[in-house]
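In what follows, chains carry the letters A, B, and so on, assigned in the order in which the sequence lines appear, proteins first and then strands, with residues in each chain numbered from 1. Quick caveat: nothing in here was measured; it's all calculated off a predicted structure. Computed from heavy atoms alone, side chains included, the values below leave out hydrogens, waters and symmetry copies.
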Amino acid sequence: MTEQILQSFDVQGFQTNLIDWYQANKRDLPWRHDQDPYKVWVSEIMLQQTQVATVIPYFQRFIAKYPTLHDLAYADQQDVLKTWEGLGYYSRARHLQNAVREVVASYDGEVPDDPKALGSLKGIGPYTKGAILSIAFNKPQPAVDGNVMRVLSRVLKIEDDIAQPKVKKQFEHYADGIISDKDPSSFNQGIMELGALVCTPKEPMCLFCPVQEYCRAFQEGMEQDLPVKSKAKKQKKVHYTVLLICNDNDEYLIEKRPDDGLLANMWQFPMVPVDEIGKDHMDNWFQLEYGIDITLSAKQGDLKHVFSHIIWQLEIVTATTSRDQAADKRLRFVSRDMLDEYPFPVSHQKMMPYITSR
DNA sequence: AACCCGGGGTC
DNA sequence: GACCCAGGGTT
């Protein structure tokens, strides 16, 4: 069945038009200045689920701080998370450093160009594997991301739901069938660039498309109806009271989150799950959980933070304590100035305006 | 295959 | 506020 789809498709013509268009129109992006496999790798991890415009400043700061694979391997994880702060999906940073250390330990510091070895590294899935192999090593491996699925669903008129895992595998098969052997790097980057600049989700600019003549969706006037994609389900709401607890030294209590799950190893102000606790017992519950006596002060406001699967409804409350030490290693009293040294998720960066000197 | 992981943008 | 974008890991 898949053979049918590529039958009578002019692979040669498509490749030529796409690659020529890419060479003439590619954006000057920081990770395109050389083919250093390490930099290609970092950029592809950052670009997962993240827009190019968002990634650019992060990539530049990251490479300035960790210019080589070894610099990253020997860095402190907290510093790496701090550099990643605000970019989201922090497991990407932890997996990347884990994988880089593996490359130093097992591959003499050289990024492997073998698909099996590369794909076994933490954080490198089918897409990133193909992207690194094609862009850094010029190997004809498919790299199918959302852009590529959108372009191919239109060009080849594929009406399957791209949200399904098995459908993504089908696209990898098609991509494998049409990728250029001569210039796989430009082909893969070209098809993604096309998806980003021309074959956009809404209102694609078909009149400027270099492969319009090969596009089956365009021929049938249905480019706006593809790809087919089922919708994600709604997020659950969770209520917390966030405590901004200040001691006599004008230090605030922060805690390091667990080393797995949501926002792993990031820091935050203590959060009380009010739905379970109830507001009345908050100070009691806090003493039990944290071993610290507090006096609740005043409500400062409400914040909402939206994740892909959760919505945090946050009530910000100030409190005081006479303590300046905590028994738990994940708890710390920190001065205002020192807060900047810790990696906080964006949700808790929103608290900073409520941090004031006494 | 279903679910868990952030953050940003547009309208 | 509703909607859209988008890979990898784990179970």
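- Between A/E315 and A/K279 there is a salt bridge, since at least one side-chain N of the basic residue sits less than 4.0 Å from a carboxylate O of the acidic one.
- Every residue was checked against the ring-ring contact (aromatic ring centres under 6.0 Å, His included) condition with A/H95, not counting sequence neighbours, and none meets it.
- Remark: A/W41 pairs with no residue by the ring-ring contact (aromatic ring centres under 6.0 Å, His included) rule, at least two apart or across chains.
- With sequence neighbours left out, the ring-ring contact (aromatic ring centres under 6.0 Å, His included) criterion links A/F218 to no other residue.
- Grouped with A/V317 in one hydrophobic cluster are A/L243, A/I245, A/L253, A/V272, A/V274, A/I277, A/M282, A/W285, A/F286, A/Y290, A/I292, A/I294, A/L296, A/L331, A/F333, the linkage being side-chain heavy-atom contacts under 4.5 Å among Ile, Leu, Val, Met, Phe, Trp and Tyr residues.
- Residues of residues 126-148 of chain A having a heavy atom closer than 4.0 Å to DNA chain B: none are found.
- The pair A/R27-A/E193 meets the salt-bridge criterion, since a charged nitrogen lies less than 4.0 angstrom from a carboxylate oxygen.
- Against DNA chain C, the stretch residues 226-234 of chain A makes heavy-atom approaches under 4.0 Å through A/K229, A/K231.
- Of the residues in residues 45-64 of chain A, A/Q49, A/T50 come within less than 4.0 Å of DNA chain B through at least one heavy atom, sorted by number.
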>> Let's test your reading of the pairing rules: Watson-Crick or G-U wobble, both distances under 3.5 Å, then write DNA chain B as a dot-bracket string with ( ), [ ], | and dots.
In response: |||||.|||||
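- Nucleic acid contact for A/R150: sugar-phosphate only, since backbone atoms but no base atoms lie under 4.0 Å from a heavy atom of the residue.
- In this structure, A/M222 belongs to a hydrophobic cluster whose other members, linked by side-chain heavy atoms under 4.5 Å apart, are A/L226, A/V228.
- Contact between the side-chain N/O atoms of A/H305 and the OP1/OP2 oxygens of B/dG7 is found at a separation under 4.0 Å.
- Aromatic ring centres of A/F187 and A/Y22: separated by at least 6.0 Å.
- Looking at residues two or more places apart in sequence or on another chain, you find no ring-ring contact (aromatic ring centres under 6.0 Å, His included) involving A/Y89.
- For the OP1/OP2 pair of C/dG9 and a distance below 4.0 Å, the side-chain nitrogens and oxygens of A/Y89 include no atom meeting the criterion.
- Counted by atom type alone, A/H309 and A/K236 present zero donor-acceptor pairs between their side chains at under 3.5 Å.
- Contacts with DNA chain C (heavy atom under 4.0 Å) in residues 255-272 of chain A: none are found.
- Taking atom P on both C/dC5 and B/dC5, the two are 23 Å apart, rounded to the nearest angstrom.
- Applying the side-chain contact (heavy atoms from CB on, under 4.5 Å) rule to A/Q141 yields the partners A/P115, A/L133, A/K139; only residues at least two apart in sequence or on another chain are considered.
- In this structure a side-chain-to-backbone donor-acceptor pair under 3.5 Å is missing from A/D176 to A/E172.
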